[in-house]
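Written below as structure tokens is the structure these notes are about.
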Amino acid sequence: MSETTKQDEKQVWVTESLHDHYAQRLRVDEMLYDSETEHQRLKVFQNGTFGRILTLDDVVQTTEGDNFIYHEMLTHVPILAHGSAKRVLIIGGGDGGMAREALRHRTVEHVTMVEIDAGVVDFSKEYLPMLSQGAFDDPRLNLVINDGALFMKETTEKFDVIIVDSTDPIGPGEVLFTDTFYGHAARALTEDGIIVTQNGVPFMQGDELTGTLRAFQALFADASCYLATIPTYAGGPMAFGWGSHSSTNRSVSLTDLEARFAAAGFETNYYTPEVHKAAFALPGYVQKLFP
Ligand code: SAM
């Protein structure tokens, strides 16, 4: 048990409240914003290791330091696997990081982002501009403030790629992990469309992944998941759900991916065509979560 020094007592820490028996602590070097929005308690604070951090209801959403891993893997994997994605839908993603990466694809003509909480967008623009990097001003972006489940139920639009960048299945995010929501999403995808989902850390949140995979197996020609480790999503690698009406998108060759990535013409800090392919190689404990 570490000794608490006087200096420690002056320090402020945020303890994440996501798991019952396991928690991470993040030191607050400066609290930049802390208040309730219409839907959630929003905090933005400076941390010596990860830079600026956004939490909602004391759960880490994104950080300046490690967001690139999450945002690159949830955008470039489906968009490059598809090969000719023009219309992308983001559900959630209020910090703007997902739109940032999706809009790097010049071939993407239209991105609709449906975020339930205008406060997350406003405070991310103000305190986390390095996340969106101007994405909110891109003429291809259509920002909709609405419940993603309602939008999905009512939309008549079709999308090549749907990215669910939501909070965990607690509070406003719960409805985004339901069979009803996934059914509406399947209807809104083009015939070779792909949906990918933030699906938690399987070592800690296995049931969440199993539930999504069960729904995807019933709705799509191809259902699986892929992994990447994001340091501030504590508990091991994070899983991204994968559902596609096409049975060939996931087996795209490394050579084709390399050609598509080269043609896209931008640099990344995590994503590579090799990492893309390897991310679908699943360890035994994750394979055992498939229904
Ligand atoms: N990467 C984060 C994670 O893995 O937990 C998610 C980041 S992103 C900020 C999550 C966003 O989902 C939040 O801005 C939240 O307001 C939004 N959200 C939650 N429930 C929603 C819903 N039903 N419809 C649309 N957006 C929702």
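As the structure is a prediction and not an experimental result, all values here were calculated from the model. Whatever order the structure lists them in is the order used to number ligands and atoms, beginning at 1.
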For residues 275-291, which side-chain donor-acceptor pairs fall under 3.5 Å, sequence neighbours excluded?
{"from": "His276", "atom 1": "ND1", "to": "Tyr271", "atom 2": "OH", "distance (Å)": "2.8"}
{"from": "Lys277", "atom 1": "NZ", "to": "Val252", "atom 2": "O", "distance (Å)": "2.6"}
{"from": "Gln287", "atom 1": "NE2", "to": "Leu282", "atom 2": "O", "distance (Å)": "2.6"}

Check: residues 172-180 side-chain donor-acceptor pairs under 3.5 Å, at least two apart:
{"from": "Thr178", "atom 1": "OG1", "to": "Val175", "atom 2": "O", "distance (Å)": "2.8"}
{"from": "Thr178", "atom 1": "OG1", "to": "Phe181", "atom 2": "N", "distance (Å)": "3.2"}

Residues 122-137, side-chain donor-acceptor partners within the protein, below 3.5 Å, at least two apart:
{"from": "Ser124", "atom 1": "OG", "to": "Val120", "atom 2": "O", "distance (Å)": "2.6"}
{"from": "Gln133", "atom 1": "NE2", "to": "Met130", "atom 2": "O", "distance (Å)": "3.1"}

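Listed by chain and number, residues touching ligand 1 at under 4.0 Å (heavy atoms only) are Gln40, Leu56, Gln61, Tyr70, Gly92, Gly93, Gly94, Asp95, Val114, Glu115, Ile116, Asp117, Val120, Asn146, Asp147, Gly148, Asp165, Ser166, Thr167, Pro172, Gly173, Val175, Leu176, Gln198, Tyr233, Met238.
Remark: Asp160 does not engage Lys86 in a salt bridge, criterion side-chain N to carboxylate O under 4.0 Å.
Cluster membership check: Ile116 does not share its hydrophobic cluster with Val114, using side-chain heavy-atom separations under 4.5 Å among Ile, Leu, Val, Met, Phe, Trp and Tyr. Leu26 and Val59 fall into different hydrophobic clusters, where Ile, Leu, Val, Met, Phe, Trp and Tyr side chains are chained together by heavy-atom contacts under 4.5 Å.
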